[in-house]
Amino acid sequence: MISVQSIFDHAVLAALAILSLSFLVTIYRIIRGPTLPDRILGLDMLVAVAIGFITVIGIKTGYTLYVDVAIALGLVGFLATVAFARFVLARGKTEDDILAEAQQAASDARREGRAAAKEQLRRDAGKQEPDAGVSGRSGDPHA
Amino acid sequence: MLVYPAGQETPMHDIVTLVSAAFLLIGSAFALVASIGLLRLPDLYTRMHAASKAGTMGSCLMLIALAIHTTDVGTMSRALAGVVFFLLTAPVSSHLLAKAAYAVGYRLHSTSVTDEMAPKDQQ
(Lines give C-alpha, C1' and ligand atoms only; values in the text may rest on other atoms or scores of the structure.)
Protein backbone atom coordinates (compact mmCIF):
# COMPACT_ATOMS: atom_id res chain seq x y z
CA MET A 1 0.00 0.00 0.00
CA ILE A 2 1.22 3.48 -0.80
CA SER A 3 1.72 5.49 2.32
CA VAL A 4 0.20 8.93 2.72
CA GLN A 5 3.64 10.35 3.43
CA SER A 6 5.06 9.15 0.11
CA ILE A 7 2.06 10.62 -1.74
CA PHE A 8 2.73 13.90 0.03
CA ASP A 9 6.45 13.82 -0.82
CA HIS A 10 5.68 13.19 -4.47
CA ALA A 11 3.12 15.99 -4.46
CA VAL A 12 5.74 18.37 -3.08
CA LEU A 13 8.23 17.33 -5.75
CA ALA A 14 5.63 17.69 -8.49
CA ALA A 15 4.63 21.11 -7.20
CA LEU A 16 8.29 22.19 -7.27
CA ALA A 17 8.67 20.92 -10.84
CA ILE A 18 5.49 22.65 -12.05
CA LEU A 19 6.51 25.87 -10.33
CA SER A 20 9.95 25.73 -11.96
CA LEU A 21 8.31 25.32 -15.35
CA SER A 22 6.02 28.29 -14.82
CA PHE A 23 8.97 30.32 -13.52
CA LEU A 24 10.87 29.65 -16.76
CA VAL A 25 7.83 30.46 -18.92
CA THR A 26 7.35 33.76 -17.06
CA ILE A 27 11.01 34.63 -17.49
CA TYR A 28 10.66 33.99 -21.22
CA ARG A 29 7.82 36.52 -21.30
CA ILE A 30 9.92 39.04 -19.36
CA ILE A 31 12.85 38.71 -21.75
CA ARG A 32 10.67 38.63 -24.85
CA GLY A 33 7.86 40.95 -23.71
CA PRO A 34 7.47 43.56 -26.40
CA THR A 35 6.56 46.45 -24.10
CA LEU A 36 7.48 47.68 -20.64
CA PRO A 37 4.07 46.92 -19.04
CA ASP A 38 4.39 43.32 -20.26
CA ARG A 39 7.67 43.02 -18.41
CA ILE A 40 6.21 44.62 -15.28
CA LEU A 41 3.35 42.14 -15.40
CA GLY A 42 5.89 39.33 -15.77
CA LEU A 43 7.72 40.56 -12.67
CA ASP A 44 4.43 40.62 -10.76
CA MET A 45 3.76 37.04 -11.83
CA LEU A 46 7.33 36.12 -10.88
CA VAL A 47 6.68 37.37 -7.34
CA ALA A 48 3.56 35.19 -7.16
CA VAL A 49 5.52 32.14 -8.33
CA ALA A 50 8.31 32.92 -5.84
CA ILE A 51 5.75 33.04 -3.02
CA GLY A 52 4.58 29.62 -4.16
CA PHE A 53 8.17 28.36 -4.10
CA ILE A 54 8.69 29.71 -0.59
CA THR A 55 5.54 28.00 0.62
CA VAL A 56 6.47 24.66 -0.89
CA ILE A 57 9.97 24.86 0.58
CA GLY A 58 8.43 25.85 3.90
CA ILE A 59 6.20 22.76 3.82
CA LYS A 60 9.05 20.49 2.65
CA THR A 61 11.57 21.56 5.28
CA GLY A 62 9.12 22.44 8.03
CA TYR A 63 10.97 25.72 8.47
CA THR A 64 7.92 27.94 8.72
CA LEU A 65 9.83 31.20 9.21
CA TYR A 66 9.67 31.32 5.41
CA VAL A 67 6.03 32.42 5.65
CA ASP A 68 7.19 35.81 6.92
CA VAL A 69 9.56 36.03 3.95
CA ALA A 70 6.64 35.26 1.63
CA ILE A 71 4.52 38.03 3.15
CA ALA A 72 7.40 40.51 2.91
CA LEU A 73 8.03 39.48 -0.70
CA GLY A 74 4.36 40.01 -1.50
CA LEU A 75 4.55 43.51 -0.03
CA VAL A 76 7.70 44.35 -1.98
CA GLY A 77 6.18 42.98 -5.19
CA PHE A 78 3.04 45.05 -4.71
CA LEU A 79 5.03 48.23 -4.06
CA ALA A 80 7.32 47.56 -7.03
CA THR A 81 4.36 47.06 -9.37
CA VAL A 82 2.70 50.25 -8.14
CA ALA A 83 5.95 52.20 -8.56
CA PHE A 84 6.45 50.78 -12.07
CA ALA A 85 2.87 51.70 -12.98
CA ARG A 86 3.52 55.26 -11.82
CA PHE A 87 6.69 55.24 -13.90
CA VAL A 88 4.79 54.11 -17.00
CA LEU A 89 2.29 56.89 -16.38
CA ALA A 90 5.02 59.48 -15.79
CA ARG A 91 6.95 58.45 -18.90
CA GLY A 92 3.77 59.11 -20.84
CA LYS A 93 4.68 57.41 -24.10
CA THR A 94 4.65 53.91 -25.53
CA GLU A 95 7.49 52.08 -27.24
CA ASP A 96 5.90 52.97 -30.59
CA ASP A 97 5.94 56.66 -29.65
CA ILE A 98 9.61 56.45 -28.70
CA LEU A 99 10.43 54.67 -31.97
CA ALA A 100 8.48 57.25 -34.00
CA GLU A 101 10.23 60.07 -32.16
CA ALA A 102 13.63 58.55 -32.85
CA GLN A 103 12.82 58.10 -36.54
CA GLN A 104 11.52 61.68 -36.72
CA ALA A 105 14.68 62.95 -35.03
CA ALA A 106 16.86 60.93 -37.41
CA SER A 107 15.06 62.21 -40.49
CA ASP A 108 15.20 65.77 -39.14
CA ALA A 109 18.93 65.41 -38.58
CA ARG A 110 19.37 64.03 -42.09
CA ARG A 111 17.38 66.90 -43.61
CA GLU A 112 19.31 69.44 -41.56
CA GLY A 113 22.60 67.90 -42.60
CA ARG A 114 21.57 67.98 -46.25
CA ALA A 115 20.44 71.62 -45.91
CA ALA A 116 23.70 72.55 -44.22
CA ALA A 117 25.72 70.83 -46.94
CA LYS A 118 23.72 72.68 -49.61
CA GLU A 119 24.21 75.96 -47.74
CA GLN A 120 27.94 75.28 -47.51
CA LEU A 121 28.07 74.49 -51.21
CA ARG A 122 26.16 77.66 -52.03
CA ARG A 123 28.45 79.72 -49.77
CA ASP A 124 31.52 78.24 -51.44
CA ALA A 125 30.10 78.97 -54.85
CA GLY A 126 29.08 82.47 -53.70
CA LYS A 127 32.54 83.13 -52.32
CA GLN A 128 34.09 82.22 -55.66
CA GLU A 129 31.54 84.13 -57.69
CA PRO A 130 31.88 87.51 -55.92
CA ASP A 131 35.67 87.21 -56.31
CA ALA A 132 35.17 86.66 -60.00
CA GLY A 133 32.68 89.53 -60.07
CA VAL A 134 34.99 91.87 -58.18
CA SER A 135 37.90 91.03 -60.36
CA GLY A 136 35.70 91.38 -63.39
CA ARG A 137 34.30 94.70 -62.16
CA SER A 138 37.69 95.94 -61.13
CA GLY A 139 38.98 94.73 -64.42
CA ASP A 140 36.23 96.56 -66.32
CA PRO A 141 37.16 100.16 -65.42
CA HIS A 142 40.71 99.46 -66.28
CA ALA A 143 39.56 98.16 -69.60
CA MET B 1 -10.89 21.91 13.56
CA LEU B 2 -7.66 21.02 11.83
CA VAL B 3 -5.37 21.73 14.77
CA TYR B 4 -4.12 18.51 16.32
CA PRO B 5 -1.16 17.46 18.47
CA ALA B 6 2.07 17.16 16.51
CA GLY B 7 3.34 13.72 15.55
CA GLN B 8 0.13 11.94 16.33
CA GLU B 9 -0.78 9.43 13.62
CA THR B 10 -4.53 9.57 13.22
CA PRO B 11 -6.87 9.24 10.22
CA MET B 12 -7.37 12.97 10.62
CA HIS B 13 -3.64 13.49 10.11
CA ASP B 14 -3.74 11.45 6.90
CA ILE B 15 -6.70 13.41 5.59
CA VAL B 16 -5.04 16.73 6.38
CA THR B 17 -1.85 15.63 4.64
CA LEU B 18 -3.73 14.51 1.55
CA VAL B 19 -5.76 17.72 1.41
CA SER B 20 -2.58 19.74 1.77
CA ALA B 21 -0.93 17.77 -1.05
CA ALA B 22 -3.99 18.34 -3.24
CA PHE B 23 -3.93 22.08 -2.53
CA LEU B 24 -0.22 22.18 -3.40
CA LEU B 25 -0.79 20.44 -6.73
CA ILE B 26 -3.83 22.54 -7.62
CA GLY B 27 -2.04 25.75 -6.66
CA SER B 28 1.03 24.98 -8.74
CA ALA B 29 -1.22 23.97 -11.65
CA PHE B 30 -2.92 27.38 -11.39
CA ALA B 31 0.50 29.07 -11.43
CA LEU B 32 1.43 27.08 -14.54
CA VAL B 33 -1.85 28.01 -16.24
CA ALA B 34 -1.22 31.67 -15.41
CA SER B 35 2.27 31.60 -16.89
CA ILE B 36 1.04 29.82 -20.02
CA GLY B 37 -1.60 32.53 -20.33
CA LEU B 38 1.16 35.12 -19.97
CA LEU B 39 2.98 33.40 -22.80
CA ARG B 40 0.11 32.80 -25.21
CA LEU B 41 -2.35 35.67 -24.88
CA PRO B 42 -2.02 38.43 -27.47
CA ASP B 43 -1.83 41.76 -25.61
CA LEU B 44 -1.08 43.31 -22.25
CA TYR B 45 -4.67 43.45 -21.00
CA THR B 46 -5.49 39.81 -21.69
CA ARG B 47 -2.15 38.76 -20.19
CA MET B 48 -3.01 40.76 -17.11
CA HIS B 49 -6.29 38.90 -16.93
CA ALA B 50 -4.34 35.61 -16.77
CA ALA B 51 -1.59 36.68 -14.40
CA SER B 52 -3.58 38.58 -11.83
CA LYS B 53 -6.37 36.04 -11.44
CA ALA B 54 -4.84 32.61 -11.96
CA GLY B 55 -1.47 33.65 -10.53
CA THR B 56 -2.99 35.04 -7.35
CA MET B 57 -5.21 31.97 -7.05
CA GLY B 58 -2.14 29.72 -7.37
CA SER B 59 -0.07 31.35 -4.66
CA CYS B 60 -3.09 31.70 -2.37
CA LEU B 61 -3.86 27.99 -2.71
CA MET B 62 -0.27 27.12 -1.86
CA LEU B 63 -0.34 29.39 1.19
CA ILE B 64 -3.57 27.65 2.25
CA ALA B 65 -1.82 24.30 1.80
CA LEU B 66 0.89 25.51 4.18
CA ALA B 67 -1.76 26.75 6.61
CA ILE B 68 -3.54 23.42 6.79
CA HIS B 69 -0.32 21.38 6.85
CA THR B 70 1.30 23.15 9.75
CA THR B 71 0.61 22.25 13.36
CA ASP B 72 1.44 25.70 14.67
CA VAL B 73 -1.45 28.12 15.08
CA GLY B 74 0.87 31.14 14.68
CA THR B 75 2.18 29.91 11.35
CA MET B 76 -1.33 29.08 10.20
CA SER B 77 -2.62 32.54 11.03
CA ARG B 78 0.35 34.18 9.34
CA ALA B 79 -0.20 32.11 6.19
CA LEU B 80 -3.89 33.04 6.15
CA ALA B 81 -2.95 36.70 6.72
CA GLY B 82 -0.65 36.37 3.72
CA VAL B 83 -3.56 35.00 1.67
CA VAL B 84 -5.75 37.95 2.65
CA PHE B 85 -2.96 40.40 1.96
CA PHE B 86 -2.28 38.90 -1.44
CA LEU B 87 -5.97 38.87 -2.35
CA LEU B 88 -6.18 42.55 -1.40
CA THR B 89 -3.06 43.80 -3.18
CA ALA B 90 -3.06 41.83 -6.45
CA PRO B 91 -6.17 43.46 -7.97
CA VAL B 92 -5.01 46.91 -6.88
CA SER B 93 -1.59 46.60 -8.48
CA SER B 94 -2.85 45.12 -11.75
CA HIS B 95 -5.64 47.70 -11.96
CA LEU B 96 -3.08 50.49 -11.52
CA LEU B 97 -0.83 48.99 -14.17
CA ALA B 98 -3.70 48.52 -16.63
CA LYS B 99 -4.96 52.04 -16.05
CA ALA B 100 -1.49 53.55 -16.49
CA ALA B 101 -0.85 51.52 -19.66
CA TYR B 102 -4.23 52.48 -21.14
CA ALA B 103 -3.79 56.16 -20.28
CA VAL B 104 -0.35 56.23 -21.87
CA GLY B 105 -1.72 54.72 -25.06
CA TYR B 106 -0.85 51.02 -25.23
CA ARG B 107 -3.51 49.76 -27.61
CA LEU B 108 -5.67 46.67 -27.34
CA HIS B 109 -4.96 43.81 -29.71
CA SER B 110 -6.78 44.03 -33.03
CA THR B 111 -8.91 40.98 -32.20
CA SER B 112 -10.37 42.68 -29.13
CA VAL B 113 -14.15 42.86 -29.41
CA THR B 114 -14.95 46.02 -27.51
CA ASP B 115 -13.16 48.92 -25.85
CA GLU B 116 -15.57 50.62 -23.47
CA MET B 117 -13.08 53.27 -22.40
CA ALA B 118 -12.55 54.55 -25.94
CA PRO B 119 -13.90 58.01 -26.78
CA LYS B 120 -17.40 57.86 -28.28
CA ASP B 121 -16.39 59.02 -31.76
CA GLN B 122 -13.83 56.22 -32.18
CA GLN B 123 -16.16 53.30 -31.46
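Throughout, protein chains are lettered first and strands after them, A, B, ... in sequence-line order, and every chain is numbered starting at 1. Quick caveat: nothing in here was measured; it's all calculated off a predicted structure.
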Does a side-chain heavy-atom distance below 4.5 Å link A/Asp38 with B/Arg47? yes
Which atoms of A/Phe8 come close to chain B, meaning under 4.5 Å heavy atom to heavy atom: side chain ones, backbone ones, both, or neither? both
Among residues 100-111 of chain A, residues within the sub-4.5 Å heavy-atom range of chain B, in order of number, are none
The interface call for B/Ala65 against chain A, heavy-atom contacts under 4.5 Å, is both
Under a 4.5 Å heavy-atom cut-off, does chain B meet the side chain of A/Arg86, its backbone, both or neither? neither
Shorter than 4.5 Å, heavy atoms on both sides: which option in B/Val33, B/Leu38, B/Thr75, B/Ile26 has the most such pairs with chain A? B/Leu38
What residue, out of B/Ser59, B/Ser93, B/Ser94, B/Gly82, has the most heavy-atom pairs lying under 4.5 Å from chain A? B/Ser93
Selection from B/Ala98, B/Ala31, B/Gly74, B/Gly55 maximising heavy-atom pairs under 4.5 Å formed with chain A: B/Ala31
Are there residues of residues 75-84 of chain A whose heavy atoms fall under 4.5 Å of chain B's heavy atoms? If so, which? A/Leu75, A/Phe78, A/Thr81, A/Val82
With rounding to the nearest 0.5 angstrom, report the OG to CG distance, B/Ser28 to A/Leu21. 10.5 Å
Which region of A/Asp44, side chain (C-beta onward) or backbone (N, CA, C, O), has a non-hydrogen atom less than 4.5 Å from a non-hydrogen atom of chain B, or is it both or neither? side chain
Can you list the residues that meet the side-chain hydrogen bond (donor to acceptor under 3.5 Å, both in side chains) rule with B/Tyr45, with sequence neighbours excluded? none
Got a second to check how far A/Thr64's OG1 is from B/Met76's CE, nearest 0.5 Å? 11.5 Å
Side-chain heavy atoms under 4.5 angstrom apart, residues restricted to Ile, Leu, Val, Met, Phe, Trp, Tyr: same cluster for B/Leu39 and A/Leu41? no
Side chain proximity check, B/Tyr106 to A/Glu95, heavy atoms < 4.5 angstrom: yes
Looking only at non-hydrogen atoms, find the nearest pair between B/Phe85 and A/Gly74 and report the distance. CE2-C, 3.7 Å
Check the pair A/Val56, B/Met62 against side chain to side chain contact (heavy atoms under 4.5 Å, CB included), reporting the backbone distance first and the verdict last. CA-CA 7 Å; A/Val56 177; B/Met62 282 184 277; 3.9 Å; yes
Using 0.5 Å steps for rounding, measure from the CD1 atom of A/Ile51 to the CG atom of B/Leu66. 12.0 Å
Taking CD in A/Glu112 as the centre, count heavy atoms belonging to other residues, nucleotides or ligands within less than 6.0 Å. Is the count above 12? no
Tell me, out of B/Leu96, B/Thr89, B/Val83, who's got the most heavy-atom pairs with chain A below 4.5 Å. B/Thr89
Can you measure from NE2 (B/His13) to CD (A/Gln5) and round to the nearest 0.5 angstrom? 6.5 Å
Which residues pass the side-chain hydrogen bond (donor to acceptor under 3.5 Å, both in side chains) test with A/Asp96, sequence neighbours left out? none
